[in-house]
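Below: one structure, written as structure tokens.
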Amino acid sequence: MEGTAVAFAPGHISGYFKRIDGDSPKTTGSCGAGIVIDRGVTASVTPSPKTSVIVTDRTPDGESLISYGSGLIEELLSGLGVCAKVETTSGLPIGAGFGMSAAAILATLTATNAVFELGMSAEAISELAHETEVAHNTGLGDVAAASGGGVAVRNAPGIFGVNSRFFPSAEICSVTFGSIFTPDVIGSPEKMAQVTAAFPVGEPATFTEFMMKSRQFAEASGLIPARIRPVLDACDEAGILASMTMLGCGVFAAADGFEILSGFGTAVPLKVCPHGPILLEV
Ligand SMILES: Nc1ncnc2c1ncn2[C@@H]1O[C@H](COP(=O)(O)OP(=O)(O)OP(=O)(O)O)[C@@H](O)[C@H]1O
Ligand SMILES: CC(C)(CO)[C@@H](O)C(=O)[O-]
């Protein structure tokens with residue numbers, strides 16, 4: 001138990017979702033679909049007498065922002081009976097609908113498992129990560145999606161709820177204006193009732209179908225903030241597929257919308273990530 005392990009886990013942009021409540025965090029989650037993206041969280045874990053967490057976040061303009069402590073990560077390590085110095089680096093802003101909490105948990109667990117030789121399987125890591133997200137109301141389906149790659153379509157809650165993944169060559173881009181407090185949305189019965197009513201019929205099998213279902217859902221869900229409406233309108237006028245990043249104050253669009261999104265803020269190019277969490281060479 002010495003040295004340092006480093007892992008990466010991809011982010012996830014949820015296109016549409018509906019909350020499914022089970023009898024435990026394990027069986028609670030969401031159905032829906034989203035894109036696993038090539039920007040995520042890198043976590044470095046070094047055994048230490050005391051647990052500490054340093055979080056490098058990103059502003060919407062891409063500047064680094066360092067903060068200290070993460071209740072989620074500290075609780076995770078305590079539950080595993082280990083102490084470590086953890087440093088997480090997010091490739092996108094936290095809280096802005098990019099699934100950074102799921103990525104942080106998956107990356108931290110993957111590195112912790114390696115450096116402490118805990119013997120956890122990838123499935124066990126995903127299970128614990130999912131239960132942690134649901135217990136803290138920080139996500140419902142991001143872990144299930146980000147545990148693999150591609151466009152993940154979920155028809156049941158929990159980590160076994162992904163019933164299809166496809167890997168389009170299409171690339172996307174995104175611009176964000178800030179966060180939406182996830183627990184306020186997924187913890188609200190009224191909002192969840194409207195989200196459920198907006199849930200699209202049928203499952204996407206192509207990138208275009210996914211983008212169109214995401215936008216139909218966003219419009220019907222009542223979740224679109226006024227701040228992003230001009231961006232969506234500009235994409236519509238140019239015939240660019242675009243929707244709202246669930247749950248963040250932002251837009252994601254097909255890659256040919258990059259110039260349009262750049263006219264509203266700092267747009268970032270994103271690719272579909274072909275994999276879930278991975279250990280990196282130290
Ligand atoms: N990179 C990170 N490193 C450490 N802790 C993190 C990180 N990202 C998120 N967290 C923890 O998860 C909590 C909730 O994050 P939140 O769900 O708002 O972000 P997100 O997953 O990016 O948003 P969304 O769920 O809308 O995609 C944060 O308050 C923080 O404690
Ligand atoms: C609830 C959610 C949109 C938060 O990112 C996501 O976890 C999902 O799609 O279930």
Side-chain angles (χ1 to χ4, degrees), residues 7-21 28-37 39-45 51-58 60 64-77 86-109 111 129-130 132-146 151-154 156-159 161-162 174 176 178-188 191-192 195-196 198-199 214 217-218 221 223 243-250 252:
F8 168 83
H12 173 245
I13 295 177
S14 179
Y16 62 87
F17 73 101
K18 67 177 174 181
R19 183 182 179 116
I20 306 286
D21 283 297
T28 295
S30 67
C31 295
I35 302 183
V36 181
I37 51 177
R39 289 196 189 200
V41 174
T42 299
S44 157
V45 178
T51 290
S52 62
V53 185
I54 300 174
V55 179
T56 301
D57 189 358
R58 294 265 174 158
S64 288
L65 215 55
I66 295 185
S67 64
Y68 298 88
S70 165
L72 225 52
I73 301 296
E74 287 149 20
E75 199 178 294
L76 208 56
L77 267 61
V86 180
E87 295 179 79
T88 65
T89 303
S90 292
L92 289 162
I94 292 172
F98 296 114
M100 292 296 100
S101 57
I105 297 169
L106 284 168
T108 301
L109 278 177
H130 171 79
T132 303
E133 277 257 284
V134 169
H136 287 82
N137 248 346
T138 53
L140 292 170
D142 297 309
V143 168
V151 174
V153 185
R154 311 183 314 279
I159 65 164
V162 176
S174 183
T176 186
S179 62
I180 287 177
F181 190 54
T182 302
D184 279 353
V185 179
I186 65 177
S188 156
K191 290 194 170 86
M192 288 300 95
V195 156
T196 299
F199 195 77
S214 298
F217 169 79
S221 69
L223 293 174
S243 189
M244 171 188 168
T245 50
M246 296 289 170
L247 287 161
C249 187
F252 69 104

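Atoms within a ligand are numbered from 1 in the order they appear, just like the ligands themselves.
Residue V41 has at least one heavy-atom neighbour below 4.0 Å for each of these atoms of ligand 1: 1 (N). Residue-ligand proximity, G139 to ligand 2, at heavy-atom distances under 4.0 Å covers atoms 7 (O). Each of the following atoms of ligand 1 lies closer than 4.0 Å to a heavy atom of T88: 1 (N), 2 (C), 3 (N), 4 (C). Set against the non-hydrogen atoms of S90, the atoms of ligand 1 under 4.0 Å away are 1 (N). Close approach to F98 involves these atoms of ligand 1, each under 4.0 Å from a residue heavy atom: 27 (O). Of all atoms in ligand 1, listed by their number and element, those nearer than 4.0 Å to a heavy atom of I94 are 1 (N), 2 (C), 7 (C), 8 (N), 9 (C), 19 (O), 22 (O).
By the 4.5 Å heavy-atom criterion applied to side chains, I94 and L65 are not counted as neighbours. For the pair M100 and R58, the minimum side-chain heavy-atom distance is 4.5 Å or more. Counting heavy atoms from C-beta on, the side chains of I180 and M244 come closer than 4.5 Å. Contact check for I186 versus F17: side-chain heavy atoms found under the 4.5 Å cut-off. Side-chain contact between F181 and L247 is absent, with no heavy atoms from C-beta onward closer than 4.5 Å. A heavy-atom distance below 4.5 Å is found between the side chains of E133 and T138. Between R19 and T28, some side-chain heavy-atom pair lies under the 4.5 Å cut-off.
Taking atom 24 (P) of ligand 1 as the reference point, the nearest protein heavy-atom neighbour is T182 OG1, 3.7 Å. When hydrogens are left out, the protein atom nearest atom 15 (O) of ligand 1 is S101 CB, 3.5 Å; that is the closest non-hydrogen contact. Protein heavy atom closest to atom 30 (C) of ligand 1, with residue, atom name and distance, is S70 OG, 4.1 Å. The closest protein non-hydrogen atom to atom 1 (C) of ligand 2 is I186 CG2, 3.7 Å. From the protein, the heavy atom lying nearest to atom 11 (C) of ligand 1 is L72 CD2, 3.7 Å. In this structure, atom 18 (O) of ligand 1 lies nearest to the protein heavy atom G95 CA, 3.5 Å. Of the protein's non-hydrogen atoms, the one nearest atom 10 (O) of ligand 2 is S30 OG, 2.6 Å. Looking only at protein heavy atoms, the nearest one to atom 9 (O) of ligand 2 is S14 OG, 2.6 Å. Ranking protein heavy atoms by distance to atom 2 (C) of ligand 1, first place goes to A104 CB, 3.4 Å.
Remark: distances from the non-hydrogen atoms of G97 to ligand 1 include one below 4.0 Å. Within the 4.0 Å heavy-atom shell around ligand 1 one does not find G139. Heavy-atom separations between R154 and ligand 2 include at least one value shorter than 4.0 Å.
Each of V41, D142, L92 was compared with F98 under the side-chain contact (heavy atoms from CB on, under 4.5 Å) criterion, and only L92 meets it.
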Problem set entry | Audit row: S67, D57, side chain to side chain contact (heavy atoms under 4.5 Å, CB included) steps and yes/no | CA-CA 8 Å; S67 64; D57 189 358; 5.7 Å; no

For this session: Would you please test E75 and T132 for side chain to side chain contact (heavy atoms under 4.5 Å, CB included) and show each step?
Result: CA-CA 9 Å; E75 199 178 294; T132 303; 5.7 Å; no

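For a threshold of 3.5 Å applied to N or O pairs, the pair formed by L140 and ligand 2 contains at least one separation below that value. Between G141 and ligand 2, a contact under 3.5 Å exists for at least one N or O pair. Looking at ligand 2, you won't find any N or O of T182 less than 3.5 Å from one of its N or O atoms. Between G248 and ligand 1, not a single N/O pair is under 3.5 Å apart.
Side chain of S221 to backbone of A198: no donor-acceptor contact under 3.5 angstrom is found. Within the 3.5 Å criterion, the main-chain N or O of D184 finds no donor-acceptor partner in the side chain of S188. No donor-acceptor pair closer than 3.5 Å links the side chain of T88 to the backbone N or O of A104.
In this structure, S70 OG and I105 CD1 are separated by 8.0 Å, a value rounded to the nearest 0.5 Å.
Under the 30°/60° scheme for interplanar angles, the aromatic rings of F217 and Y16 are found to be tilted.
The residue from D142, V185, V143 that puts a heavy atom closest to atom 5 (O) of ligand 2 is D142. Of the listed options G99, G250, A146, G99 places a heavy atom closest to atom 27 (O) of ligand 1. With L247, T138, T56 as candidates, the residue nearest to atom 17 (O) of ligand 1 on a non-hydrogen basis is T138.
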